[in-house]
Number of protein chains: 2
Amino acid sequence: MSKCEQCIIKQFNSLKALTKDELVRISGCKTSRKIKKGEVIFEEGEVLNGVYCVRDGICKLTKLSANGKDQIVKMVVKGDLLGQRSVVSEERSNLQATALNDMEVCFIPKSEILADLHKNPDFTFDVLKDMAKDLREADDVIVNMAQKSVRQRLAETIIYIHNSFGTNPDGTLSVLLSREDFANIVGTATESAIRVLSQFKKEGLISAVGKQIKIEDIEALKRVE
Amino acid sequence: MSKCEQCIIKQFNSLKALTKDELVRISGCKTSRKIKKGEVIFEEGEVLNGVYCVRDGICKLTKLSANGKDQIVKMVVKGDLLGQRSVVSEERSNLQATALNDMEVCFIPKSEILADLHKNPDFTFDVLKDMAKDLREADDVIVNMAQKSVRQRLAETIIYIHNSFGTNPDGTLSVLLSREDFANIVGTATESAIRVLSQFKKEGLISAVGKQIKIEDIEALKRVE
DNA sequence: ATTTAAATATGATATTTGTCATGATTTACT
DNA sequence: AGTAAATCATGACAAATATCATATTTAAAT
């Protein structure tokens, strides 16, 4: 099994603030795990006994709403940590995590994380900074949800996925999402998401073959009202 | 001027994790300030040079959306801290803070807060815990915005204000919000908020004389669909 | 106290979004 | 390969919400 000290992934998250010794210790008790596309990593309401460091792949964080629909609250990629919020606040998870790709993650037990949080202020501060960023992003999502149309939100979602998760050589978005996933990000009915995507296609803003979506006119997409 | 070490307010926020010495030091460089109802404490995009500890009163945190409407993202009360997110991430404020009451706040310079964040892991951990709570609440707001009707959101807002900010002796909500404020919490047009409040009144769920709103049937309000 | 401005209220109507139905296409499975 | 089950697509209609217009009431200012 590879060692945390040498892992390049940690450069992208708060683990980089740990000392060599701390990393060696964590490396000794972490477990590596492969997760298949569609698999649930943890459920809403589950007690998380640790934090996941995402080495590869992408997952969605969802919350089931009263009307029985999943809302995608955030997407987590390679390099991100998963489950810090629950571990820090010692609460059950408020979200479900589901793999959108095949994934590879390392699981670090809660006790190790908490030990370092209490001992290493740099690490704690880094986790804090990360959470501050998450919080700002969440504020932005709230405002978008409250004030923008489904059309605008969907356009922005496509741009966001394009910019954050990249594209294949042919220009198509590298993360494959179902129309239902798009609806659950945007907070609309699946049919509405489908309809708006069809409109974007007709208007030449995107092209789509099945789940393969490609931005054709990003400037026009940005201008969508 | 009163001293932080003796201030009871700090029991309600992360400052309680500071040592006596740290509190004395902070006490020496804090400034107390009174803010009148309606006054802006800081604006969106402003550089915050410190954190506010709310000793009395309530304020709203808003973000201006592209369509020119303010969205109320969170409300902050006596006992809460204000501005931690921006200070931690060393970014300009992503929100505007406006007093809804006459307020009394203590301003603590950024340098002091950051010094303690780097030295006192208990304090940092406490701030982290607080932010984790804010983040969970923000996730909940996202889901509500995305999946619930204006009617439901408004009903829940009234209950939230009732439970979190309390009532006057006659049972009316102690925080006076304009109909526009309600609209900006719920993310709807002012006219829609007014209309729904009128409906609630007709249905006997609330009574309202001007801005004075009183819950008449909280169970029915909880059941609103 | 009177005037002026702002906030509240309500109707009429347009627009957006959701729901239900139904068919086509794609994917998964044996 | 062939079948079943998802997923995608689109129409028709219903419901929710926004917008515009215009009173009415309330608060603020002189």
Could you state the atom-to-atom distance from CD of B:Gln212 to P of D:dT26 in whole Å? 13 Å
Are any side-chain N or O atoms of A:Arg153 and backbone N or O atoms of A:Val186, one a donor and one an acceptor, separated by less than 3.5 Å? yes
Going by the side-chain hydrogen bond (donor to acceptor under 3.5 Å, both in side chains) test, name the single residue among B:Asp70, B:Asp181, B:Thr98 that passes it with B:Lys60. B:Asp181
Step by step, would you call B:Lys133 with B:Glu137 a salt bridge (charged side-chain N to carboxylate O under 4.0 Å, His left out)? CA-CA 6 Å; B:Lys133 182 167 160 266; B:Glu137 287 174 0; 3.7 Å; yes
List the steps and the verdict of side-chain hydrogen bond (donor to acceptor under 3.5 Å, both in side chains) for A:Ser93 and A:Glu46. CA-CA 6 Å; A:Ser93 175; A:Glu46 193 176 314; over 6 Å; no
In whole Å, what is the span from the NZ atom of B:Lys69 to the C1' atom of D:dA18? 9 Å
A:Gln96 and A:Glu44 side chains, donor-acceptor separation under 3.5 Å: no
For atom CZ of B:Arg179 and atom C1' of D:dA27, their distance in whole Å: 14 Å
Return the residues of residues 180-203 of chain B meeting this criterion: a heavy atom under 4.0 Å from some atom of DNA chain D. Order them by number, or give none. B:Thr188, B:Ala189, B:Glu191, B:Ser192, B:Arg195
What is the distance from CG of A:Asn67 to C1' of C:dT19, rounded to the nearest Å? 13 Å
Closest approach of B:Ile206 and B:Glu216, non-hydrogen atoms and distance? C-CG, 3.7 Å
Looking at C:dT8, I'd like to know if its phosphate oxygens (OP1 or OP2) sit under 4.0 Å from a side-chain N or O belonging to B:Lys211. yes
Value in whole Å for how far the P atom of C:dT26 lies from CD1 of A:Ile213: 15 Å
If you assign each of B:Gly210 and A:Gly210 to its closest nucleotide in DNA chain C, which residue comes earlier from the 5' end? B:Gly210
Starting from P on C:dA6, measure out to CG on B:Leu177 and report it in whole angstrom. 20 Å
Does either side chain, that of B:Asp139 or that of A:Asn94, offer a donor lying less than 3.5 Å from an acceptor on the other one? yes
For DNA chain D, what residues of residues 141-155 of chain B have any heavy atom nearer than 4.0 Å? B:Ser149, B:Val150
For the side chain of B:Asn168 and the backbone of B:Gly171, is there at least one donor-acceptor N/O pair under 3.5 Å apart? no
Flag for A:Ser86-A:Glu91: side-chain donor and acceptor within less than 3.5 Å: no
